[in-house]
Amino acid sequence: MKFEVWSEEEIGKKIGEEIIELIHRKENAVLGLATGSSPTCVYRYLTEAYRERRVSFAKVTTFNLDEYIGLSPDHPQSYRSFMNRHLFDCVDIDLKNTHLPSIRDGEDAYLHYDKRIEEAGNIDYQILGIGSNGHIAFNEPGTPFDSLTHIVYLKESTISDNARFFASRDEVPVSAVSMGLSSILKAKKIVLIALGKKKKEAIRRLYEDDPSVDLPASALKYHKDVTIYCDPDAASGILSKVKDYARV
Ligand code: F6R
């Protein structure tokens, strides 16, 4: 596991350039995508590169990490509409090739998500964010490392955190579908983005501690190609210990 420290803009550029290079090498690349504030620097960079005609997403397939249960895809807070807004509607991707896990196609449709990823040839490049408690996707502390795509019942604290995006607390979904930790570890290459002071403790634990279900992101230590991109605030608990990092 490699740790790098850059500004948010530089992180967007570095990951964006890696994705562009991957698509140039393999036009039908399979990308694993996240929602939330962390990856938007990458989506901005890719959208700009598309406008400059430096990359085409026409043959690319994507799989998102997670989606709420109970919100229609056109609800402004659904992860589908987030992805459309921040990336899919801004580039030439075929929406048919963009996937989010869902139970809409039948109660057990999410069970087929891992199979669909496998049939697409597995994820070439997976982008992750991290929660302040170390969650990745909706895999909260305690989630087994061998978990596949599954239904998650959101914790009261998560529902309260998310309430700010909705008109009232009652509108916040209480469950979601999420790729599991084992699903994520099948990606060929993984990058995780951590921005801001709120992520400092999770990054310190990820750097210092042995893998444990108490810190879901620590499952990534079992993968051979993972880079953790932090901004200086997120890295502030490890800066003195990381030898191999770029100062911004
Ligand atoms: C989003 C996801 C979440 C976020 C995490 C960090 O698809 O899977 O695990 O990556 O909650 O969110 P931000 O980036 O908003 O701090």
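Whatever order the structure lists ligands and atoms in, that order sets their numbers, starting from 1.
- With respect to atom 15 (O) of ligand 1, the closest heavy atom belonging to the protein is Ser37 N, 2.9 Å.
- Remark: the backbone N or O of Ala187 is not paired with any side-chain donor or acceptor of Gln126 at under 3.5 angstrom.
- Between the side chain of Asn64 and the backbone N or O of Leu33 there is at least one donor-acceptor pair closer than 3.5 Å.
- Here atom 7 (O) of ligand 1 lies nearest to Asp66 when heavy atoms of Leu65, Asp66, Leu33 are compared.
- When atom types are taken as modelled, the side chain of Ser78 and the backbone of Pro73 share a donor-acceptor pair closer than 3.5 angstrom.
- Here the protein heavy atom with the shortest distance to atom 10 (O) of ligand 1 is Gly129 CA, 3.3 Å.
- With respect to atom 16 (O) of ligand 1, the closest heavy atom belonging to the protein is Lys199 NZ, 2.6 Å.
- Note: Phe166 and His75 have tilted aromatic rings, judged against thresholds of 30 and 60 degrees for the angle between ring planes.
- Ring orientation note: the planes of Phe138 and Tyr68 are tilted relative to one another, at an angle of 30° to 60°.
- Contacts between Thr35 and ligand 1, counted as non-hydrogen atom pairs separated by less than 4.0 Å, involve both the backbone and the side chain.
- The residue Leu195 has no part lying near ligand 1, judged by heavy-atom distances below 4.0 Å.
- Lys198 does not count as a contact of ligand 1, since none of its heavy atoms falls under 4.0 Å from the ligand.
- Nearest protein heavy-atom contact of atom 6 (C) of ligand 1 is Ile130 O, 3.4 Å.
- Looking only at atom types and distance, the side chain of Asp114 has a donor-acceptor partner in the side chain of Ser183 under 3.5 Å away.
- Side-chain atoms of Ser56 come within 3.5 Å of backbone atoms of Ala58 as a donor-acceptor pair (strictly under, hydrogens ignored).
- Nearest heavy atoms, Tyr45 versus Gly16: CD2-CA, 3.8 Å.
- When only interatomic distances are considered, the shortest N/O to N/O separation between Ala137 and ligand 1 falls below 3.5 Å.
- Closest to atom 5 (C) of ligand 1 by heavy atom, among Glu140, His135, Met179, is His135.
- Less than 4.0 angstrom separates some heavy atom of Ser38 from each of these atoms of ligand 1: 13 (P), 14 (O), 16 (O).
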